[in-house]
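Note that the coordinates shown come from a computational prediction; the quantities given were computed from them, not determined experimentally.
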Amino acid sequence: MTVLPPLREVIARHGLSASKALGQNFLFDAQLLARIAAIPGNLADAEVLEVGPGPGGLTRALLAAGARVIAIERDRRCLPALAELGDAYPGRLRVIEGDALEIDARALFEGAPHIVSNLPYNVGTALFVGWLSAAWLPWWKSLTLMFQREVADRIVAAPGSDAYGRLAVLAQWRSSARIAMPVHRSAFTPPPKVMSAVVHVVPTEAPAGVALTMLERLTAAAFGQRRKMLRQSLRGVPGALEALEVEGIDATRRAETVSVAEFVAVARRLSAS
């Protein structure tokens, strides 16, 4: 078993502090980090992508679980601490300096990795949408991601709730999404103003005959005017009102009441037209 110095000691030695500009919030609780690393399942010799490892708290837990980790870190202040971690686990950690939004992460892996990250708050949703918009079945096995609780609730939301919207449809139409664990704001240094949660997403087979671009267009129109009836919000999408009628969906309903399966059914008809 690899024995590492306490993470707080490493951070103090390297003079590190969380950068607000980079959306950083550090986690020090080793037990909490181990629980997060366990969410994807057995990681023994598994490939893992981690975005924004910072000083390496979650990285330690992933390596201890047996993973082979490729970490993308934009903050060069953290690179020496990560290099020490790499020395402690020879051949198991590769650190790439750069912006995860600009790096082709898929090209870094031989197989399909799990993606496990305490995502920087300012880029988390953009990265998540990009991973969900990949060719399907995607290049990753699962997503285990820390979000602000408000964003996590939007990802797993059910129809009829205020949180239900485009993000829920995108996350649920060809994958299963759940909140794996809540994380109190006090677990972070510095503590953010909001609570957080870890979301776990596993891809499933995509419904046949549905183009993502059409589903995106449909939900953008529907939720762009979510308080209006579908007959008004979808008026600008050619064929949408006819598709609603064929599917037996009342055009006086609002977007927040339409299930993921119903959006998929309408998008399927529009994709075929």
Side-chain angles (χ1 to χ4, degrees), residues 4-40 48-65 67 69 71-82 84-85 95 97 99-101 114-129 131 143-157 161-163 165 167-168 171 177-201:
L4 298 169
L7 189 59
R8 289 184 184 276
E9 178 184 310
V10 173
I11 287 174
R13 179 157 39 85
H14 289 282
L16 296 175
S17 60
S19 166
K20 187 174 182 180
L22 296 177
Q24 292 174 331
N25 296 92
F26 297 158
L27 284 169
F28 294 113
D29 187 329
Q31 289 185 323
L32 173 63
L33 292 165
R35 287 171 59 201
I36 295 171
I39 290 170
V48 170
L49 169 64
E50 183 185 7
V51 173
L58 181 56
T59 319
R60 289 173 168 224
L62 293 168
L63 292 168
V69 180
I72 300 174
E73 179 53 66
R74 184 179 174 184
D75 186 356
R76 62 180 51 191
R77 299 177 307 148
C78 296
L79 299 183
L82 292 170
E84 290 180 8
L85 192 52
V95 179
E97 181 187 356
D99 187 339
L101 288 171
H114 296 281
I115 302 178
V116 186
S117 296
N118 171 20
L119 290 173
Y121 280 169
N122 52 1
V123 296
T125 303
L127 287 168
F128 182 61
V129 169
W131 292 327
L143 305 174
T144 303
L145 307 172
M146 180 87 72
F147 289 103
Q148 296 179 41
R149 182 63 195 243
E150 178 186 356
V151 176
D153 287 341
R154 287 168 53 203
I155 290 168
V156 304
S161 65
D162 289 341
L167 196 56
R178 67 182 178 91
I179 291 183
M181 58 184 288
V183 181
H184 197 274
R185 57 185 295 274
S186 62
F188 295 90
T189 300
K193 295 180 180 179
V194 296
M195 299 297 189
S196 299
V198 179
V199 173
H200 185 56
V201 178

Show me, pair by pair, the donor-acceptor contacts under 3.5 angstrom made by side chains of residues 190-199, not counting sequence neighbours?
from	atom 1	to	atom 2	distance (Å)
Ser196	OG	Tyr121	OH	2.5

### Query
Minimum heavy-atom separation for Ala171 to Phe128, with atom names?
CB-CZ, 4.2 Å
### Message
Just to verify, what does Ala187 make a side chain to side chain contact (heavy atoms under 4.5 Å, CB included) with, not counting sequence neighbours?
### Response
Leu27, Leu32, Val183
### Task
Please identify each residue that fulfils salt bridge (charged side-chain N to carboxylate O under 4.0 Å, His left out) with Arg35, with sequence neighbours left out.
none
### Query
How about Leu82 and Pro53: do any of their side-chain heavy atoms sit closer than 4.5 Å?
yes
### Query
What is the distance from atom CD of Gln31 to atom CD1 of Ile36, rounded to the nearest 0.5 Å?
12.5 Å
### Message
Quick one, Ile179 and Arg149 - any side-chain contact, counting heavy atoms below 4.5 Å?
### Response
yes
### Arg178: salt bridge (charged side-chain N to carboxylate O under 4.0 Å, His left out) partners, not counting sequence neighbours
none
#### Entry: Residues that Glu150 engages under salt bridge (charged side-chain N to carboxylate O under 4.0 Å, His left out), provided they are two or more places apart
none
### Query
CH2/Trp131 to CG/Leu143 distance, rounded to the nearest 0.5 angstrom?
6.5 Å
### Task
Grab the two heavy atoms, one from Cys78 and one from Leu16, that are nearest each other, plus how far apart they are.
N-CD2, 4.2 Å
### Query
Any side-chain heavy-atom pair from Pro120 and Arg74 closer than 4.5 angstrom?
no
### Task
Any chance you could measure Thr144, atom OG1, to Asn118, atom CG, to the nearest 0.5 Å?
12.5 Å
### Message
If I compare all heavy atoms of Glu73 with all of Gly54, which pair ends up nearest, and what's the gap?
### Response
OE1-N, 2.7 Å
### Query
Are Arg8 and Ile11 close enough, and set up right, to give a side chain to side chain contact (heavy atoms under 4.5 Å, CB included), and what steps lead you there?
CA-CA 5 Å; Arg8 289 184 184 276; Ile11 287 174; 5.7 Å; no
### Leu167 vs Val151 side-chain heavy atoms within contact, under 4.5 Å
yes
### Task
Can you tell me which residue pairs pass the side chain to side chain donor-acceptor pair (under 3.5 Å) test with a partner in residues 50-64, sequence neighbours excluded?
Glu50-Thr59
### Query
Rounded to the nearest 0.5 Å, how far does CG of Leu85 lie from CG of Leu7?
9.0 Å
### Query
Do any N or O atoms from the side chain of His184 and from the backbone of Ser186 form a donor-acceptor pair under 3.5 angstrom?
yes
### Message
With rounding to the nearest 0.5 angstrom, report the CD to CD1 distance, Glu97 to Ile72.
### Response
12.0 Å
